[in-house]
Number of protein chains: 2
Amino acid sequence: MEKYEKFGTKEKILDSALESFSTSGFDATSLDVIAKSLGVRKQTILYHFGTKKGLLNAVVERAAENLINSIEEVLNSELKGWERIEALARMIFRLALREPLLLGLLREVSRPGSAGSERLRILMTPLMDRGTLWMQSEMEVGRMRRTNPRLVILSAYSTVVGLATEIEVLRAAGIEQALRPVTIRRRELIRFLRVSLDPDYLKSK
Amino acid sequence: MEKYEKFGTKEKILDSALESFSTSGFDATSLDVIAKSLGVRKQTILYHFGTKKGLLNAVVERAAENLINSIEEVLNSELKGWERIEALARMIFRLALREPLLLGLLREVSRPGSAGSERLRILMTPLMDRGTLWMQSEMEVGRMRRTNPRLVILSAYSTVVGLATEIEVLRAAGIEQALRPVTIRRRELIRFLRVSLDPDYLKSK
DNA sequence: AATATTATTTACCAATTGGTAAGTTAAACT
DNA sequence: AGTTTAACTTACCAATTGGTAAATAATATT
């Protein structure tokens, strides 16, 4: 693609933008500030990404790639039915803790009407459709309880996004690296998914 | 207080600002736009609130008052121990559903480092201290399980704030007024609180 | 070596923003 | 009626912002 690039400038810009969008938000992020922090002129940013929104979209795309790759890994495993769901949930939590910036970006961009929400939707739609279809086929063969797949997926999604707020609030309150609340959230999410989806759960109880 | 005021201008400004801060965020809110929408000059806003941040603080304060009054109501009841906790949780959810703007503002202002987070903290600290003390005294007399009160309160808080995201995400996905996920969240929160605090819960199970 | 292309910079700008200063209107007090 | 004070407006501004246009530097391509 790029023939020559001084020193991965484009990547550096993406990194810095991710940090700023994730922690300060889109509107509070200034191209001048990013440029200055990188020792680069603002026009370099605009050269690579066209507009500020273009930069945001690029950041969102890279983050989504990151996420989708992780999901892909689980989907390529041979886990079936409920076990696959649980593996997905655990993977998402692992990813969220490993890359908090990604989580922050997701929250920033999840607000409907925000600058990046449209792009996020476009990127997530295929994933959502695929998940919905898979869940429906699992329901057909009785490996999964009958529910509204989209509702379940979106609730799980917002649980993860809510995690971003929780971590930050706890940190701001001086409770550093509180793993317990995160663990609790994960357990709650898995239980929620299990109640909604696992056909064997209620029987075994 | 105010001797004469044309038509409740101050209140109208606060209403409009709450709406904008809550849905678009602080940075994306323009004083000019608010003023124009109200048929008032921008300087009128600045006359009443000094600065933009002053306006935000006023909005936050009014919202906090709203919240604190509701809490006060429950605290003045004769409910003890676990029952009081559950009443609080139900009240918060009721309030959140009745006044979604309040919820949106809370989310906007909960991000550490945001313009309003400091004021929010100042307003919430007495509430937090009071709650902590009460819970500790309840623990002393054995009406409540021993845990870290601040951690429990903050986790509950972020659950409620996360609700804002969830409602908006679901709405954006075309799932209007989905009461089920909200009910589920409430049930989850109450169960979380129960497991953490109710000394009789595990016995009765 | 000459040329084309990519990457980055310098120079500018129009629009918006929050904010200041000073004036004007209107109500309240005396 | 005259004065004070509160509410609001007109006029203006400095700073920042995202963005355009053109020049320059660096690297491939031929």
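Letters go in sequence order (proteins before strands), and every chain restarts at 1.
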K.L.:
Quick one: the side chain of A:Lys52 and the base of D:dG19, do they pair up donor-acceptor inside 3.5 Å?
P.N.:
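For A:Lys52, whose side chain was compared with the base of D:dG19, there is no donor-acceptor pair (under 3.5 Å).
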K.L.:
Looking only at side-chain N and O atoms, does B:His48 come under 4.0 Å of OP1 or OP2 in D:dC8?
P.N.:
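Checking B:His48 against D:dC8: at least one side-chain N or O falls below 4.0 Å of OP1 or OP2.
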K.L.:
For the side chain of A:Gln43, counting heavy atoms from C-beta on, which of D:dT20, C:dT17, D:dT9 is nearest?
P.N.:
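From the listed options, D:dT20 comes nearest.
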K.L.:
What's the closest nucleotide to the side chain of B:Ser30 if the choices are C:dA11, C:dA21, C:dT17?
P.N.:
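So the side chain of B:Ser30 is nearest to C:dT17.
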K.L.:
Would you kindly compare A:Gly50 and A:Val33 by the position of their nearest DNA chain D nucleotide and give the one closer to the 5′ end?
P.N.:
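Nearest nucleotide further toward 5': that of A:Val33.
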K.L.:
Between C:dA7 atom P and A:Lys12 atom NZ, what is the distance in whole Å?
P.N.:
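The answer, rounded to whole Å, is 15 Å.
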K.L.:
Whole angstrom is fine here: how far is it from NZ in A:Lys42 over to C1' in C:dA11?
P.N.:
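The answer, rounded to whole Å, is 12 Å.
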K.L.:
Does the B:Ser77 side chain pair with the main chain of B:Val74, one donor and one acceptor, at a distance under 3.5 Å?
P.N.:
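Checking the backbone N and O of B:Val74 against the side chain of B:Ser77, a donor-acceptor pair under 3.5 Å is found.
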K.L.:
Starting at atom CZ of B:Arg41, determine the distance to atom P of D:dC12, rounded to an integer number of angstrom.
P.N.:
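That distance rounds to 16 Å.
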K.L.:
From CG of A:Asp32 over to C1' of D:dT16, roughly how many Å is that when rounded to an integer?
P.N.:
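For the pair A:Asp32 CG and D:dT16 C1', the rounded distance is 8 Å.
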K.L.:
Using whole Å, what does the distance between atom C1' of nucleotide D:dG18 and atom CG of A:Leu56 come to?
P.N.:
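In whole Å, D:dG18 C1' and A:Leu56 CG are 14 Å from each other.
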K.L.:
Which nucleotide wins on minimum distance to the side chain of A:Thr9, given the candidates D:dT10, C:dT8, C:dG19?
P.N.:
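Of D:dT10, C:dT8, C:dG19, C:dT8 is nearest to the side chain of A:Thr9.
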K.L.:
For the pair A:Lys36 (side chain) and A:Leu31 (backbone), establish whether a donor and an acceptor sit closer than 3.5 Å, ignoring hydrogens and angles.
P.N.:
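A pair under 3.5 Å: no.
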K.L.:
Can you tell me if the side-chain N/O atoms of A:Tyr47 get under 4.0 Å from OP1 or OP2 in C:dT8?
P.N.:
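It does not, given that no N or O in the side chain of A:Tyr47 lies less than 4.0 Å from OP1 or OP2 of C:dT8.
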K.L.:
Roughly how far, to the nearest 0.5 Å, is the CG atom of B:Leu55 from the CZ atom of B:Phe21?
P.N.:
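Going from the CZ atom of B:Phe21 to the CG atom of B:Leu55 covers 4.5 Å.
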K.L.:
How long is the span from the CD1 atom in A:Ile167 to the OG atom in B:Ser158, to the nearest 0.5 Å?
P.N.:
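That separation rounds to 9.5 Å.
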K.L.:
Without decimals, in angstroms, what is the distance between B:Lys10 NZ and D:dC8 C1'?
P.N.:
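Atom NZ in B:Lys10 sits about 14 Å away from atom C1' in D:dC8.
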K.L.:
Taking atom P of C:dT17 as reference, at what distance in whole Å does atom CG of B:Asp27 sit?
P.N.:
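Rounded to whole Å, this separation is 12 Å.
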K.L.:
Hey, which of A:Glu166, A:Glu188, A:Arg185 is the one that makes side-chain hydrogen bond (donor to acceptor under 3.5 Å, both in side chains) with B:Thr159?
P.N.:
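Going through A:Glu166, A:Glu188, A:Arg185 one by one, the side-chain hydrogen bond (donor to acceptor under 3.5 Å, both in side chains) with B:Thr159 is satisfied by A:Arg185 alone.
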K.L.:
In whole Å, I'd like the distance from the CG atom of A:Leu46 to the P atom of D:dA22.
P.N.:
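These atoms are roughly 17 Å apart.
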